[in-house]
Amino acid sequence: YETNSAFCWFTFPISDPSIRGFRRKSGVRHLIIACEELARELGFAYIYSSIRNPNMITLQKQLGFSEGGINHTELIKKVN
């Protein structure tokens with residue numbers, strides 16, 4: 001989601017539950033990277049993400065997001 005600030009918001013993506021394993025993980029990874037590139041092109045400085053799924057948290061941290069809170073994981077990445 002775009003905002004009128006330096007932040008944009010990335011929430012949990014919706015995907016086909018029948019796709020599993022490497023194919024699903026690589027697809028979600030590609031989506032996050034594409035969103036990061038778009039955020040950078042649109043001039044956003046940060047991507048905000050607030051999620052609870054441990055696999056998504058791990059993936060976003062692998063892609064450079066920083067964890068903020070406990071019991072409610074907030075992830076932010078500076079893109080500009």
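Numbers here are sequence positions counted from 1.
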Exam field: side chain [X] to backbone [Y], donor-acceptor pair closer than 3.5 Å:
X: Lys77; Y: Leu63; result: yes
X: Arg24; Y: Asp16; result: yes
X: Ser49; Y: Phe10; result: yes

Please report the interatomic distance [atom1]([X]) to [atom2]([Y]), rounded to the nearest 0.5 Å.
X: Ile76; Y: Glu67; atom1: CD1; atom2: CD; value: 11.5 Å
X: Ser66; Y: Gln60; atom1: OG; atom2: CD; value: 11.0 Å
X: Tyr46; Y: Ser5; atom1: OH; atom2: OG; value: 11.0 Å
X: Ile33; Y: Leu38; atom1: CD1; atom2: CG; value: 14.0 Å

>> Tell me whether the count of non-hydrogen atoms from other residues, nucleotides or ligands lying under 6.0 Å of NZ in Lys78 goes above 12.
In response: yes
> What are the two closest heavy atoms between Leu59 and Ile32, and how far apart are they?
Replying inline: CD2-CD1, 3.8 Å
>> Under the criterion side-chain contact (heavy atoms from CB on, under 4.5 Å), I'd like the reasoning laid out for Ile47 against Phe65: C-alpha separation, chi angles, the key distance, then a yes or no.
In response: CA-CA 8 Å; Ile47 300 172; Phe65 284 74; 3.8 Å; yes
>> Quick one, Gln62 with Arg29, criterion side-chain contact (heavy atoms from CB on, under 4.5 Å). Give me CA distance, side-chain angles, the key distance, then yes/no.
In response: CA-CA 10 Å; Gln62 289 171 351; Arg29 181 183 184 89; 4.1 Å; yes
> Are Val79 and Glu37 side-chain neighbours, meaning at least one heavy-atom pair lies under 4.5 Å?
Replying inline: no
>> Taking side-chain contact (heavy atoms from CB on, under 4.5 Å) as the definition, give me every residue that meets it alongside Asn4, ordered by chain and number, with sequence neighbours left out.
In response: none
>> Between Ile19 and Leu31, is there shared hydrophobic-cluster membership here, with clusters defined by ILVMFWY side-chain heavy atoms closer than 4.5 Å?
In response: no
> So, do Phe7 and Tyr48 have ring centers that fall under 6.0 Å from each other?
Replying inline: no
>> Suppose we screen for salt bridge (Lys or Arg N to Asp or Glu O under 4.0 Å). Which residues come up paired with Arg40, at least two apart in sequence or across chains?
In response: Glu36
